[in-house]
Amino acid sequence: MHAVFGSLRSQLCDDQARAGTQLVRRTQAHAETPEPNWWTAVIPRMNMDSSNIADRSNADTSLTGPGSYPLDLTGPSSHTLMRTLGAGSLVIAAPGSAGKSDLQVAPDQKINWAAFAPFATPAGSPWPRVIHYAGSDLGIFEWARQRPIEQLTWTPVLHTDTLVDASRSNIRTLAIQLDLPGANLQLLMPAQEIAANLHLSISGDIGRFSAQGQLPRSLSLAPETGSRRETSAFQLPDMGELHEVHELMLVNKPMGRPISLKCLSRFTQLQSLSLYGNFVDLEALAEQPQLQNLQLRYMPSLEGLPVLSCWPALDGFIAFNIEEAAGKRLRQQLKARTPQRPWTKHASVSQLRKESWWESEFGRPFSAWSKRLAKQANEAFDGALAALASSHSLADAEAAFSEFARRFNALKGIETTERDDLGEAIWQLSSSEHAVRIGVTEELAQQWFDAVRDY
């Protein structure tokens, strides 16, 4: 759901957030990590142009301005960093990966993280403040013992089960994106004084993740739930010690395969719960009478939601972009509760949506694509729907699906996730009333599509 978790938590907790499914799908598809060796005895050589640094004789001078800086990142002067004005984040990605990156490093290559020591923000704090890294170098957690990281988004590239010791790492927000497939990841959590302020986010194949040690201040889980074609709800995997967290956010696509909330029975200490996207078994919320804060966002169905009086300790409540009928009932409950016990925190119900809005905004599988690709994909989808509407035979339908495939052959940037989305699009087209009318099946449509595509 490229979005990027790039502080997904803070974006979703903004009552006026207009985030979409791209936050869950690929929230920061280009961020990852590597480790040092030869450079431990080497002072990074910056060999900068005089325009980059005022006093080259002062070894302690911080580099705060934009410019071109040679870096001893994986070897002597191995990389050049182009720093732009106002940019507080850094993206390190593998060569050839989609999306923009500031530095390209092979996933298995070790990184001299100390090469960033001379850099600072204009205010004097360490730069970069936000790091996106995709790779296997665990040295960044060692580096974070000496130098705090405001936000790290890490896409591990793991070939074997891995233990990450973050027990002394000073990281404020840690977002881990577990792409499919891969090995298991176990995290030793930071010490209490750090964990007490840590926001931990896990996305993707979250069943491969486990944690030991102190609990984070908050936990966000955004599992990859699979195709919406699945008839059963997604069941959250066992999260072990993390079931004891006090603040939880569950994130799903608004029109994706729903997540069952029966999993909440394992979270016995919840005080704050935020739900984003498509869920079922909302009756399970009644088993959390101790909740003090509840937030519901981008939820196309609130079937089974208990009445607000079910949570006697509730001090804050937000419902934003939710189904219309349930939203009206919630407004009445909100109003009725206020005279009895005024809300001490923010309470609102806004942006009530009709059923047609959900399909138009999130029904198609291209919402997480780049704006350029999404525009062309939607045009191709519209063209296929129009062609199917005027079809009178299977031969006409085959021509419609073949033309749909041909239009994507000319597009650059079709990676694994886009191919998965196109599979979803084929299913939607084959399920349309015009395709069903002339006998098109999903298998037949996929066969026609595969015969033409060249990616």
4.5 Å side-chain heavy-atom contact, Q269 and H243: no
Aromatic ring proximity Y298/Y276, centre distance under 6.0 Å: yes
V349 versus G327, closest heavy-atom pair with distance: CG1-O, 3.6 Å
Check: V251 and L275 side chains under 4.5 Å, non-hydrogen atoms: no
T441 side-chain N/O to L444 backbone N/O, donor-acceptor pair under 3.5 Å: yes
Student check: side-chain heavy atoms of Q428 and P365 closer than 4.5 Å: yes
Passing option when H132 is tested against V91, L90, L152 for side chain to side chain contact (heavy atoms under 4.5 Å, CB included): V91
Minimum-distance pair of heavy atoms, taken over all atoms of F401 and I426: CD2-CD1, 3.9 Å
Working for side chain to side chain donor-acceptor pair (under 3.5 Å), residues S272 and E247: CA-CA 5 Å; S272 176; E247 183 176 338; 4.8 Å; no
Side-chain donor/acceptor of S125 to backbone N/O of T121, under 3.5 Å: no
Whether T64 side chain and A120 backbone form a donor-acceptor pair below 3.5 Å: no
Atom pair CG/OG1 of N112 and T74 - distance to nearest 0.5 Å: 9.0 Å
Donor on one side chain, acceptor on other, Q177 and T155, under 3.5 Å: yes
Donor-acceptor side-chain pairing of R353 and N321 below 3.5 angstrom: yes
Least distance between heavy atoms, P95 atom then A106 atom: CD-N, 3.8 Å
Donor-acceptor pair, side chain of E241 and main chain of G213, under 3.5 angstrom: yes
Stepwise side-chain contact (heavy atoms from CB on, under 4.5 Å) check, L242 with L248: CA-CA 10 Å; L242 292 175; L248 174 67; over 6 Å; no
Polar side chain donor-acceptor pair, Q290 to Q288, under 3.5 angstrom: yes
H79 side chain to Q104 backbone, donor-acceptor under 3.5 Å: yes
Minimum side-chain heavy-atom gap I176-F209 below 4.5 Å: yes
Close side-chain approach of I171 and F141, heavy atoms under 4.5 Å: yes
Stepwise side chain to side chain donor-acceptor pair (under 3.5 Å) test for H346 and S348: CA-CA 7 Å; H346 186 73; S348 68; 3.1 Å; yes
Check: L422 and D420 side chains under 4.5 Å, non-hydrogen atoms: no
Closest heavy-atom pair and its distance - S89, W127: O-CZ2, 4.0 Å
Distance, nearest 0.5 Å, that separates CG of L221 from CD1 of I206: 4.5 Å
Reported CZ-to-CG distance for the pair R364 and L429, which is rounded to 0.5 angstrom: 8.5 Å
More than 12 heavy atoms from other groups under 6.0 Å of CZ on R168: no
Taking only distance into account, with no hydrogens and no angle test, what donor-acceptor pairs under 3.5 Å do side-chain atoms of residues 183-196 form with protein atoms, sequence neighbours excluded?
from	atom 1	to	atom 2	distance (Å)
Q186	NE2	Q212	OE1	2.8

Closest heavy-atom pair and its distance - P258, N252: CA-ND2, 3.8 Å
Rounded distance (nearest 0.5 Å) linking atom OG1 of T153 with atom CD1 of I131: 10.0 Å
S68/R83 under side chain to side chain donor-acceptor pair (under 3.5 Å): CA gap, chis, key distance, verdict: CA-CA 6 Å; S68 174; R83 187 175 173 187; over 6 Å; no
Heavy-atom check, side chain of H159 versus side chain of D108, under 4.5 Å: yes
N/O donor-acceptor pair under 3.5 Å between R129 side chain and I149 backbone: no
Straight-line distance of Q447 CD to E442 CD, nearest 0.5 Å: 12.5 Å
Residues R145 and N170: side-chain donor-acceptor under 3.5 angstrom: no
Cationic N near anionic O, under 4.0 Å, D454 to R406: no
Separation of L305 CG from E283 CD (nearest 0.5 Å): 9.0 Å
F362 and W357 aromatic centres sub-6.0 Å: yes
Heavy-atom side-chain proximity of L200 to I202 below 4.5 angstrom: yes
Electrostatic pair E224-K253, nearest N-O below 4.0 angstrom: yes
Atom CD of E355: over 12 foreign heavy atoms under 6.0 Å: no
Minimal non-hydrogen separation, S265 against E287, with atom names: CB-OE1, 3.9 Å
Mutual orientation of the aromatic rings belonging to F116 and W113 [parallel < 30°, tilted 30-60°, perpendicular > 60°]: tilted
Within 6.0 Å of CD in E303, more than 12 heavy atoms from elsewhere: no
Check: Q271 side chain, Q292 main-chain N or O, donor-acceptor pair, under 3.5 Å: no
Polar side-chain atom of S77 near backbone of G75 as donor-acceptor pair, under 3.5 Å: no
